[in-house]
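Letters A, B, ... mirror the listed sequences (proteins, then strands); counts begin at 1. In this text the structure is predicted, and so the values were computed from the model without any measurement. Worth knowing before you read on, the calculation uses all heavy atoms, side chains too, and leaves out hydrogens, waters and symmetry mates.
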Amino acid sequence: MGRENDQKVGAVLVVGGGIGGIQASLDLAESGFKVYLVDMSTSIGGVMAQLDKTFPTNDCSMCILSPKLVECGRHLNIEVKTYTQVKDIQGNAGDFRVNLVRKPRYINPQKCTGCGQCAKYCPVGASDTFNENLSERAAIYIGYPQAVPLAYAIDRDKCIGCGLCSNICLVDAVQYSQEEQEEVIDVGAVILAPGFEEFDAHLKGEYGYGRYPNVVTSIEFERILSASGPYRGRVLRPSDGDIPQKIAFIQCVGSRDETCGNNYCSSVCCMYAIKEAVVAKEHVREIQPSIFFMDLRAYGKDFDKYYQRAKEEWVRFVRGRVSSVEEMPQTQNLKIKYEMDDSKLMEEEFNLVVLSVGFEPSPGIQTLAQKLGIELNEYGFCKTYQFSPVETTRPGVFVCGAFQGPKDIPETVMQASGAASCVADLLSSVRGSLTRERIFPPEIDVRGQSPRIGVFVCHCGINIGGVVNVPEVAEYVRTLSNVVYAEHNLYTCSQDTQLRIKELIKEHNLNRIVVASCSPRTHEPLFQETIREAGLNRYLFEMANIRDQCSWVHMHEPEKATQKSKELVRMAVAKACLLQPLKRLELPVTRRGLVIGGGLSGMTAASSLAEQGFEVYLVERERELGGNLKKIHYTLNGMDVQGYLKGIIERVRANPLINVYTNARIKEVAGYVGNFKTTIIADGAERELEHGVVIVATGGREYQPEEYLYGKDAKVITQRELEEKIAHGDNAVLNSNTIVMIQCVGSRENERPYCSRICCTETVKNALKIKEKNPKANIFILYREVRTYGFREDYYRKAREVGIIFIRFDEDKKPKVAKGKKALEVLVREPILGEEILLRPDLLVLSVGIVPQPDNKKLAKMLKVPLNEDGFYLEAQMKLRPVDFATEGIFLCGLAHSPKLMDESISQAYAAASRASTILAKDKMEIEGMIATVNEFRCTGCGMCISVCAYNALELDEEKKVARVNEALCKGCGACSATCRCGAIDVLGVSNEQILSLVDAL
Amino acid sequence: MPRSFEPEIVGFLCNWCSYAGADLAGVSRISYPANLKVIRVMCSGRVDPVMVLEAFLNQADGVLVLGCHLGECHYISGNYQAERKIKMTRKLLQKIGINPNRLHLDWISAAEGERFAKLAEWFTSQVRKLGPLGSSEELKENELKERLVAARQTVENEKVRWMVGKERELMEMGNVYGERVSQNLLDFLMDKNLFDEFVKNRIYLLLEKRALSVKDIARKLGLSPREVLRRIAKMEDRGLIAMTDVEGWSPRYKALKLSE
Amino acid sequence: MSKNSELQTPNSKLQTDWEPKIVAFLCNWCSYAGADLAGISRIQYPPNVRIIRIPCSGRVHPLFIMRSLQNGADGVLVSGCHPGDCHYISGNYIARRRFAILKNLLEYVGIEPERVQFSWVSASEGEKFAKVVEDVVEQVKALGPAKRLVKRKADPH
Amino acid sequence: MQKREKLLKEEVKKLLDKKQVDMVIGYEKGTLALRTTPCFLASVDDVDRLVWNEFCENNLAKYLPGRKEKVAIVAKGCDVRSIVGLIQERQITREQIFIVGIPCEGIIDRRKIESRLGEKEILEATCENGKILLRGEDFQEILKKGDFLYDSCKVCKYRNPIVFDLLIGDRVPELEKIDEYAEVRKFEAESPDERWLHFQKEISKCIRCYACRSACPLCYCEQCFVDQSQPRWIGITDNPSDVGVFHLFRVFHVAGRCVDCGACSRACPMNIDHRWLLKKMEKDVKELFGYEAGLSVEEVPPLATFKEEDPQDFIK
């Protein structure tokens, strides 16, 4: 406190409006900081907005991104500054002064409604960069249909200044007089999330990109697949609009490639190629995709399952290196020459070739880095350290996403939240100093009014409109009683439609709104907020899910899907007639956190929360803190792990806000978000802890192998045991002549189908270490796929350079290990030679996988959170909520989530802390309005509801002899209502009458 | 060309100068070819390219547009507008394979009765040399008609019309940013817009008759399939056409009836 | 039946075109999410099912099921979280007893067992959801249109 | 029987005399033969009105809900189970009532006798040593009691009250080797079509007078679901669907609560076979959840609780 704090500024600059920047902004804004979100382009959304689907769930990218875009756009404490760049930055951590330059967009975004009339008439055309130049847009344009802010901009390079747009515009939004503007803002910290640039495929001349129209990059193909893309979601090839029957994906274009200087692995191309292949095939079943790859790096959570499924059902995988692509003049088909694993040269003709281009730092990043005074690594990505993965070399400047290294969306989101947490650590003393609260207009009293329902039917691009006859549905809806207005929208969730809904509510005095679009599970809150802003109570809203329940699942029966859509909307309208306004209760929040697990993740999360000023209970089952980290001694790049561990344990122990309970276990968890009561038994004593959030960081375990003579022969050890021996200078190990390492032991098998992610890196690390100490050692690594993703690829290359021999084996031809007369005998079938090789190692090292904690089930049950099929905790949503559980107030990180490396665990731990702090930052929180209610006249006080309630939310009013609802405890499940014989207890918002109205409208 | 061919020529004459010039020729008993059928308009600027194409569609072999001399327009600058419009229309005729010399713009004052007669004589003989519309162009009747219809739709397009109307202002007075726009740039854009619109209209006309694939269309229009594909998606976006089926691996498209 | 008389039956076309209508009560957290997943995964299933989202399988009042039958639903499906996975801790356990009794009772009075069915479908079981729907539709189709307890026939498909 | 009646009177007198209770609910002689009527006694002087015989068919538990005073109640085995139910469901407290338990060897079903005798008017009926003596103006008949018991009494498993404050007389022997669900099983074995027909046959008699509901000791709702609007649970029509749902729903409401006291059947003017469905419910609850209604005040009714291992073969 005191003087130091006075200098800090409770605002944050986030550079880059992609998903990373968006997540960081939302987290920070929710935990009490003012955010300036700056993006160079005319709207936020970044690359994710361009994607069609996301792996491994095939979620529609725009569908999950759009609500976040809108939330960002409408958040009171996020100032979105588009078309803006950072000019320079001065000051120190806690107090920076930033100069921003805003390019003129010649449109007043406050006035522009995004109607698009101007673009329709603009006489000047330009290439559409959003569609990767596969189509044209006008000189006046908008990034994409769901863009936030939804405001057009004039491309000054193209515009001839004819003035037509100004003539057309009905709201006078065009301002030709705009000029470049400078602005100075004061912030306490900076988060860099500028993203990446795709590798320029022209540079790989042998693939013919730029020369042959039917060679496209993966991002171009992504646009081709997208409903809002150049071909409206049809898989067509650019040369002639035919459907490409055979599509070849060429992997590692501009990655793992010394010739172009990008030695690193871009980490995501394998997965997106599989996704694009699968999605293409989903579009047209007859399409035959082939993926040409070196190593298939499906290392993430549930990735291997996705890969296996693709392999079995959809996609042909060819392990081979493509040397050239040649166009056949007549057909414009492409002849691919490639070299198989066994050096055999092959040729094959394809109709379309997709180049899986890698990631590069954005071109302008070097200048930005100079301005900001941060260091870059040898490839031009942001320089960070293993133990501080979101910190740049300049204090107070943080980084997340692909700028830190190639990574996928969930990793980016985790890092974004992680960076937000680090910012909050730094600025906790000025939390809330610059934020404002949202003030809604007073609610319109609709009681006593007859229903006036407005219905909005969404095309969802072609997601719905491509199957369901949306205009027909809207037409039908107009015939329903109480519907006074109905229309259909391209995207009902887009910001312009939100404005429209609000206007229409006023114009037509609507008092109930029905949206027929996608799942209420994802989009209900967005629409509820919109109608609330229009003065309607947020519960006067109902949804019909005609996408997930009609267009997507009845793709081949458009008429039936349309008919069903009509019925679903009819049902929704019937229910809407009975909707009543509900109140939301405010509850106090216990501003303390509980972190379960005292390993690296748990300690990191706990200290981050403590740094932010929140008290934390850290519960560890073992006597000592440290978890798995206790067994790890050095990192791939040689950093001292034990030293780091010692440091963090000291920090945790010394922090007065962290209460550490070791030798402890959770006995019972009661309560709910903001108000948990957990009973633990620590050192035999029972203790009750009160806290507002839970972070699950229970870690994972090393798989205990039974295969390959482990435990039966002392020469067979695991990588961890090897590391231990190396660290202790075990001469027997260091002097071994021949060492064999076997990968994927216990991973990627029937029982544990997932990849343990870390083993390849560990193996390379240990092999290099041995080579370093004993260059004469012969090391053989028997692998299925080397998954040294990202910059770890450098070490894999180095390992090959120093003579470590990598021998691949097939899944169904595992190495055989036997006790020979003198030594161990390892027999492996070498696929290149097609021969069996016999090795006689002095030491056999098994790279064993990570398994979930055996007691996850128990804790999961206590916390009421799910596990996935492999036994790891299952997050709320794989892409955009990677550290949240569906149950509010509970978060996860580290190995409990899935196997991951140290820096990734640290990022995720910070992320969990960040998400947790969005709750702890407030002293009260709103709770749901959909809770039980008792009709005292009908109630006989029989108590059946009390005994079925799992939350103790019901009690008997002894005087009146009726049941009473504790609104703070009620979750609105309705078990009471369905049990009550007297019809005396009901659930607001899902009342008996409302449900029966749905049934009656069948 | 048989000597007997007599072209049909439509003349749009402005009320204040050219029509008066023609009157003078009459009063002075100066003869000129009977091929010219005169339509009186208030100003040469009134002559819409649509009218010119309409004349060709109605079997005119040549169109003559006459107005006041530059600087003498009764409506101050109407003839300047005419200049731009006719220039654009000639450009379009060229693009669609019709000899642009079938359209001529000239200035005739009220005093130039003789000059008017000479001009009419000259234009008639020029068109006579070209033969009936389509003959020198080697276009069959159907093809000719289709191109003309597409061209007429093209000049109805707002973008094209706006550009024509603004050209002079942009070049001479400067644009909304206060910069003068070069003739080159404007010509380039005009060319592009005319071509885009014309191709779009031709595609639509083709697809009105039957479903065709991108490759079919490209063949028929002598364009690259790539160029056609770019337009197809855009037309589909605007609800002009829709995919009907897939023939082999080629999706086919058909025009939709427009409700407007 | 002769060809002629078949033609004269006004309902003959309706009969052959008949598609059963199934009402499905799905809990928000597991089964509804599973149905969403089926959607996201584009798993195709018959369009006969009309989903009603409820917070929990424990919310399903027996009358919701009976009313569905009264309204001419040819089948009713109730689906919730797997035992132990209930978002509301034990709502599905309570529901399970209720459904066991109700199902027996309905069968006892002669409602065909296939008409009213129950399943556990988790948020990750998109395929299972599609399979369950497929099975229910198939079984109900085999039974033909519901006649028992029907008060009002739902709109023909 | 007469011995028990005498004992009953003595005990009740004591209760009222010592002011142990404010009121006693029992039976008195009916105005017609074969009948008794519930009576409510507040003074010692009235006690002689009390009767106990084979015609004491009413389940007096019906009169308990909502009582404020301390009452003693004369209760047979089945009645006691109803009382237990009411205590479980907090309609009355255990402390508030004094259960005068009375072992019972079965109640005579007057309808069976009336149908045997047809038009003949019975003026007096008594029962002794397993024989029913009937007298009319011009006839006298002796019937075997065993043939004229209520169906529920024939399969009664709790002839001796299991919860009581005072037991009148000695316990009677419980019935042995009874198969209470034989009928249910027989029906279960029939085809759905036959069961549906039977159901239709039974409910087609219904005139929706709700006598079954009014008679049931466990139907104590302030407003019955059939009378509610918002929501209107069931149509108030004689449409077979509405009638069917009413019966199904009523039965569902007493699932795990019904003690087979037979009150609904006795009250029904149309002779609907209520027990057909009720016994099925009872059987299922017992087989599926191992529960029998009204045996212990501590237990929670089966549909308001669960066990993790409850059967779920019927769930996909």
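- Crowding of A:Lys858 atom NZ: a count of heavy atoms from other residues, nucleotides or ligands under 6.0 Å not exceeding 12.
- Within residues 241-251 of chain D, no residue has any heavy atom closer than 4.5 Å to a heavy atom of chain A.
- Ranked by non-hydrogen atom pairs under 4.5 Å with chain D, the options A:Gln994, A:Arg981, A:Glu993 are led by A:Arg981.
- The 12-atom threshold is not exceeded at CD of D:Gln230, counting heavy atoms of other residues, nucleotides or ligands nearer than 6.0 Å.
- Interatomic distance, D:Tyr220 OH to A:Cys982 SG, rounded to the nearest 0.5 Å: 6.5 Å.
- Summarising the geometry of D:Leu303 relative to A:Val948, their closest heavy-atom pair is O-CG1, 4.2 Å, with the distance given to 0.1 Å.
- Of the listed residues (A:Cys976, A:Ala975, A:Ser947), the one with the most heavy-atom contacts under 4.5 Å to chain D is A:Ser947.
- Only the side chain of D:Gln91 comes within less than 4.5 Å of a heavy atom in chain A; its backbone stays farther off.
- Using a 4.5 Å heavy-atom cut-off against chain D, the contacting residues of residues 935-946 of chain A are A:Phe937, A:Arg938, A:Cys939, A:Thr940, A:Gly941, A:Cys942, A:Gly943, A:Met944, A:Ile946.
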Apply side chain to side chain contact (heavy atoms under 4.5 Å, CB included) to residues D:Trp233 and A:Leu996 and explain how you reach the verdict.
CA-CA 8 Å; D:Trp233 298 97; A:Leu996 287 174; 4.1 Å; yes
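- Per-residue heavy-atom pair counts under 4.5 Å with chain A were compared for D:Gln223, D:Gln228, D:Gln88, D:Arg232, and the maximum is reached by D:Gln228.
- Surrounding CG of D:Asp238 are at most 12 heavy atoms belonging to other residues, nucleotides or ligands under 6.0 Å away.
- Annotation: D:Lys205, atom NZ; neighbour count of heavy atoms from other residues, nucleotides and ligands within 6.0 Å is above 12.
- Only the side chain of A:Leu956 comes within less than 4.5 Å of a heavy atom in chain D; its backbone stays farther off.
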